[in-house]
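To start, the structure itself, in structure tokens.
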Amino acid sequence: MIGEQKICFSGVQPSGNLTIGNYLGAIRNFATFSEAYKCFYCVVDEHAITVRQNPADLRRRTYETLALYMACGLDPEKNTLYVQSHVPAHAELAWILNCYTMFGELSRMTQFKDKSARHADNVNAGLFTYPALMAADILLYQTDVVPVGIDQKQHVELCRNIAERFNQIFPDTFTVPEPIIPQSGKKIMSLADPTKKMSKSDENPNAIVYILDDRDTIIRKFRRAVTDSETVVRFADGKDGINNLMTIYACFTGKTMEEIEREFAGHGYGDFKLAVGEVCADALAPVQARYRELLADKADLEAQMKRGAEEAAYYARKTLSKVQRKLGFVQLR
Ligand code: TRP
């Protein structure tokens with residue numbers, strides 16, 4: 001709690017271009033928390049380097065991610081928007097939490113198993129302890145709720161276990177956070193293989209729709225989306241491709257699956273795919289326009305980063321000092 005307000009925290013990596021999966025599953029929902037919660041939204045550059053990054057790209061994407069947060073409706077007056085590496089308390093608490101996180105727990109993380117298979121030549125210790133840094137992000141702000149996509153739920157649960165373990169030894173240190181998985185846009189799947197999550201690291205560009213794709217590209221990608229050999233638009237087991245397109249359409253229009261089935265009764269997949277592409281392109285157009293405006297003013301983005309980091313650091317310091325005191329670290333005044 002800060003004053004009367006509960007706290008919301010989430011992070012997005014500046015690695016790779018953001019997809020409509022990130023938009024529908026996470027970023028778009030962030031703004032809805034600003035009314036009821038004190039919100040911290042962080043561009044997690046320290047998480048990004050667990051896989052190799054080109055420095056110029058990482059720097060550019062850090063600006064882009066912040067601009068995109070703002071373009072998606074996050075007002076920097078109402079939310080604390082900042083970059084992880086600007087607040088050193090994240091790395092400091094992460095080290096401490098590493099010492100309260102078990103090797104076995106980290107070994108069970110699905111994302112670690114996936115990523116170490118994908119980057120077999122670089123299974124570094126940071127990739128392994130990534131969830132301890134994520135726990136530090138969350139716990140530093142005494143966070144109550146963490147809006148994340150379903151794929152991050154396991155990490156938030158580990159964060160809860162770490163917080164509970166620490167609190168058992170040192171009572172009343174951390175608030176134990178709850179993950180909030182959005183109802184809509186639970187999981188957006190790849191357009192090329194709808195049994196797999198749409199991932200910004202997918203090698204097939206037709207599998208992914210990026211928030212910044214232009215209208216023609218969006219419509220083309222949806223037109224090529226893999227479906228099935230039926231011709232009826234209906235939500236059903238085994239129709240992964242159509243289910244995914246219906247989910248995307250539902251997210252952008254607010255319609256239910258029944259309404260969508262009725263709307264496209266008697267239409268083929270071609271009409272439906274075009275409609276999905278159009279609602280997606282229409283919804284993203286104003287976000288893209290605002291994004292371009294914001295990105296054109298680097299000095300303003302830097303001023304936002306600075307202000308956000310100062311605000312975040314104030315709260316982060318409080319928690320870090322408390323933890324250090326409890327652990328027995330000597331505090332100098
Ligand atoms: N691990 C998250 C992801 O890959 C990003 C993240 C880092 C995060 N720290 C966080 C999300 C804290 C929520 C809370 O998407």
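One-based numbering, in listed order, for ligands and for the atoms of each.
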Original post:
Are any of the N or O atoms of Asp137 closer than 3.5 Å to those of ligand 1?
Top reply: yes
Original post:
Do any nitrogen or oxygen atoms of His155 come within less than 3.5 Å of a nitrogen or oxygen of ligand 1?
Top reply: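 So ligand 1 has no N or O lying under 3.5 Å from an N or O of His155.
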Around atom [atom1] of [X], are there more than 12 heavy atoms of other residues, nucleotides or ligands at under 6.0 Å?
| X | atom1 | answer |
| --- | --- | --- |
| Lys239 | NZ | yes |
| Lys78 | NZ | no |
| Lys113 | NZ | yes |

Subject >> Pair Lys197 + Asp202, salt bridge at N-O below 4.0 Å >> reply: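 Salt bridge: no.
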Subject >> Glu293 bridged to Arg290 by N-O distance under 4.0 Å >> reply: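 Result for this pair is yes, salt bridge flagged.
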Within the 4.0 Å heavy-atom shell around [X], which atoms of ligand 1 are there?
| X | answer |
| --- | --- |
| Tyr130 | 1 (N), 2 (C), 3 (C), 4 (O) |
| Val44 | 7 (C), 9 (N) |
| Ile138 | 12 (C), 14 (C) |
| Val148 | 11 (C), 13 (C) |
| Val146 | 13 (C), 14 (C) |

**OP:** Out of Glu46, His47, Met134, Gln152, indicate the one that has the non-hydrogen atom closest to atom 15 (O) of ligand 1.
**Re:**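 The residue whose heavy atom sits nearest atom 15 (O) of ligand 1 is Gln152.
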Subject >> Option of least heavy-atom distance to atom 13 (C) of ligand 1 (set: Gly11, Cys159, Pro147, Cys42) >> reply: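 Among Gly11, Cys159, Pro147, Cys42, the closest heavy atom to atom 13 (C) of ligand 1 comes from Gly11.
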Subject >> Spatial distance of atom CZ (Phe235) from atom CD (Glu258) [nearest 0.5 Å] >> reply: 10.0 Å
Original post:
With backbone taken as N, CA, C and O and side chain as the heavy atoms from C-beta onward, which portion of Val12 lies under 4.0 Å from ligand 1: side chain, backbone, both, or neither?
Top reply: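 It is neither; nothing of Val12 touches ligand 1.
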**OP:** Starting from atom 12 (C) of ligand 1, find the nearest protein heavy-atom neighbour and note its residue, name and distance.
**Re:** Phe9 CE2, 3.5 Å
Original post:
Is it true that Phe128 and Phe103 have ring centroids separated by less than 6.0 Å?
Top reply: yes
Subject >> Where Glu230 and Arg234 come nearest, the two heavy atoms and their spacing >> reply: OE2-NH2, 2.8 Å
